[in-house]
Amino acid sequence: MPQGGVDPNPQRPWPGPPVSPPASEQQPPASGAVVGQGRVEPEAPPEGNSRQWLEVVVPAESVIGLQLESTISTEDARIEDPVDARVTRDVRVGGHLVIPAGTQVIGSVTMVERGGAVKTRARIGFRFHTLVFADQSRVGILTDAVYRVGESPGNQSSAKIGGAAIGGAIIGAILGGGKGAAIGSGIGAAGGAAAAMRGDRLPAVVPAGTTLSVRTLAPVGLPIEK
């Protein structure tokens, strides 16, 4: 280089091999991009609920066994009063458990006839409209009505003290076609005799713990996990 002059072809030092940026500054490869030789980065699983559900239909005319959890009587019941029950046996469709035993069932009173003191019998009716599952989810159903008919106040055999309970023992519901289900009446021999001797009306009572069967009037779609 001439003294005091400028070198027209300056020699720059070799900067060395390229240096990778710090890991904190590196960009991750795009999903599905090739990383290294012959390796593909798998895509991340989708976020959110990955469970799959299947709808199973309980057909109309299916019978569900229930046990009442509340007592119903013509003496104090009102139309639309709630009626609570529990499913007594599992309901399965095509091998799938759709309504487990213990599921809560909610219904309501649909008819109250208190009867008279001479001949008219008391009658009470109710039906169920909602299934409540363990996770508190609810599904609407429509069932046949269930009726309880009291004994006639004029029935002389009912006045026999110490006789059998009026109407016999409580029996399971008997499906009654278009008239719904009907279960036997009974308030106990002593109570029936006293009421008949006083000339009072005999109430229709369905005690808590009564077991019965109801029939669905329409299909019920229920989601179950695959």
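When reading the values below, keep in mind they use all heavy atoms of this one structure, side chains included, and skip hydrogens, waters and symmetry mates.
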Can you measure from [atom1] ([X]) to [atom2] ([Y]) and round to the nearest 0.5 angstrom?
{"X": "Ile99", "Y": "Ile141", "atom1": "CD1", "atom2": "CD1", "answer": "7.0 Å"}
{"X": "Phe128", "Y": "Asp144", "atom1": "CZ", "atom2": "CG", "answer": "11.5 Å"}
{"X": "Leu66", "Y": "Ser213", "atom1": "CG", "atom2": "OG", "answer": "7.5 Å"}
{"X": "Arg121", "Y": "Glu113", "atom1": "CZ", "atom2": "CD", "answer": "12.5 Å"}
{"X": "Leu131", "Y": "Gln104", "atom1": "CG", "atom2": "CD", "answer": "10.0 Å"}

- prompt: Under a single-linkage rule joining Ile, Leu, Val, Met, Phe, Trp and Tyr whose side-chain heavy atoms are separated by less than 4.5 Å, which residues share a cluster with Val132?
  reply: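 For the cluster that includes Val132, the remaining residues are Ile106.
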
Do the non-hydrogen side-chain atoms of [X] and [Y] ever get within less than 4.5 Å of each other?
{"X": "Val56", "Y": "Arg92", "result": "no"}
{"X": "Arg127", "Y": "Val83", "result": "no"}
{"X": "Thr130", "Y": "Val105", "result": "no"}
{"X": "Glu55", "Y": "Val98", "result": "no"}
{"X": "Phe126", "Y": "Leu68", "result": "yes"}
{"X": "Val57", "Y": "Val220", "result": "no"}

Closest non-hydrogen atom pair, Ala204 against Gly150: CB-N, 3.7 Å

Whether [X] side chain and [Y] backbone form a donor-acceptor pair below 3.5 Å:
{"X": "Asp90", "Y": "Ala101", "value": "yes"}
{"X": "Thr110", "Y": "Glu80", "value": "no"}
{"X": "Thr74", "Y": "Pro203", "value": "no"}
{"X": "Ser108", "Y": "Asp81", "value": "no"}
{"X": "Gln67", "Y": "Gly209", "value": "yes"}
{"X": "Arg78", "Y": "Asp76", "value": "yes"}
{"X": "Thr103", "Y": "Phe133", "value": "no"}

Any link between [X] and [Y] through a network of hydrophobic side chains (Ile, Leu, Val, Met, Phe, Trp, Tyr) touching at under 4.5 Å?
{"X": "Ile64", "Y": "Leu142", "value": "no"}
{"X": "Leu217", "Y": "Val214", "value": "no"}
{"X": "Trp53", "Y": "Leu97", "value": "no"}

field: Those residues that, when tested against Glu61, pass salt bridge (Lys or Arg N to Asp or Glu O under 4.0 Å) (two or more places apart)
entry: Arg215

- prompt: Is the number of heavy atoms from other residues, nucleotides or ligands under 6.0 Å of Arg138 CZ greater than 12?
  reply: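 No, not enclosed.
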
- request: Check whether NZ of the Lys or CZ of the Arg Arg123 lies under 6.0 Å from the centre of the six-membered ring of Tyr147 and within 45 degrees of that ring's axis.
  value: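 Yes, a cation-pi geometry.
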
query: When you check the gap from the basic side-chain N to the acidic O, do Glu75 and Arg114 get nearer than 4.0 Å?
result: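 No, this pair does not count.
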
